[in-house]
Amino acid sequence: MRRSGENEDQQFAVLGDKIDGLADMLDRLEARLDSLHEECQRTASAGQRMILRQEGLAKSLARLEALLHER
């Protein structure tokens, strides 16, 4: 009987270690996902600014073309 209890204790200790390892891994994954999310937000903002600049340039070019055609 005693060996059976010791064996179970060892199994629980091994499972506890595995759970702790998985929890650490999940913490690292969560931190990485947060970092990737922030990077995606920055990239999206930069892309949006670039699109606005391109639209502004396109409008300016259209005005210049219109002025040239008027002459």
Side-chain angles (χ1 to χ4, degrees):
M1 257 321 172
R2 190 171 187 196
R3 286 185 69 77
S4 175
E6 288 175 6
N7 191 22
E8 285 180 359
D9 289 344
Q10 287 177 339
Q11 289 176 342
F12 284 130
V14 168
L15 286 174
D17 291 342
K18 286 182 180 181
I19 289 171
D20 289 343
L22 289 172
D24 290 341
M25 183 180 64
L26 287 173
D27 287 342
R28 288 191 306 272
L29 284 172
E30 183 178 16
R32 181 64 179 141
L33 286 173
D34 288 343
S35 174
L36 288 172
H37 176 71
E38 290 172 8
E39 186 177 336
C40 286
Q41 293 293 92
R42 286 190 300 272
T43 302
S45 293
Q48 188 174 20
R49 286 191 304 273
M50 186 172 290
I51 288 171
L52 290 173
R53 284 186 201 127
Q54 288 175 344
E55 288 175 350
L57 290 171
K59 288 178 184 178
S60 295
L61 182 59
R63 283 194 301 268
L64 286 173
E65 287 176 340
L67 287 172
L68 289 174
H69 286 297
E70 290 175 4
R71 293 183 178 193

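For the atom pair Leu26 CG and Leu33 CG, the distance stands at 10.0 Å (nearest 0.5 Å). Put simply, CG on Leu61 and CD on Gln54 are 12.5 Å apart, with the number rounded to the nearest 0.5 Å. Taken to the nearest 0.5 Å, the CZ atom of Arg28 stands 12.5 Å off from the CD atom of Glu30. Leu15 CG to Asp20 CG: the interatomic distance, rounded to the nearest 0.5 Å, is 11.0 Å.
When the side chains of ILVMFWY residues are joined at heavy-atom separations under 4.5 Å, either directly or via intervening members, Leu22 and Leu29 end up in a single hydrophobic cluster.
Between the side chains of Arg63 and Ser60, at least one donor N or O sits under 3.5 Å from an acceptor N or O.
Using a 4.5 Å heavy-atom threshold, the side chains of Ile51 and Gln48 count as separate. Side-chain contact between Asp34 and His37: absent, with no pair of heavy atoms (C-beta onward) separated by less than 4.5 Å. No side-chain heavy atom of Gln41 sits less than 4.5 Å from a side-chain heavy atom of Glu38.
Around the CD atom of Glu65, the shell of radius 6.0 Å holds more than 12 heavy atoms that belong to other residues, nucleotides or ligands.
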### Message
For Leu36 and Arg32: C-alpha separation, side-chain torsions, deciding distance, then whether side chain to side chain contact (heavy atoms under 4.5 Å, CB included) applies.
### Response
CA-CA 6 Å; Leu36 288 172; Arg32 181 64 179 141; 3.6 Å; yes

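With hydrogens and angles disregarded, a donor-acceptor distance shorter than 3.5 Å links the side chain of Thr43 to the backbone of Glu39.
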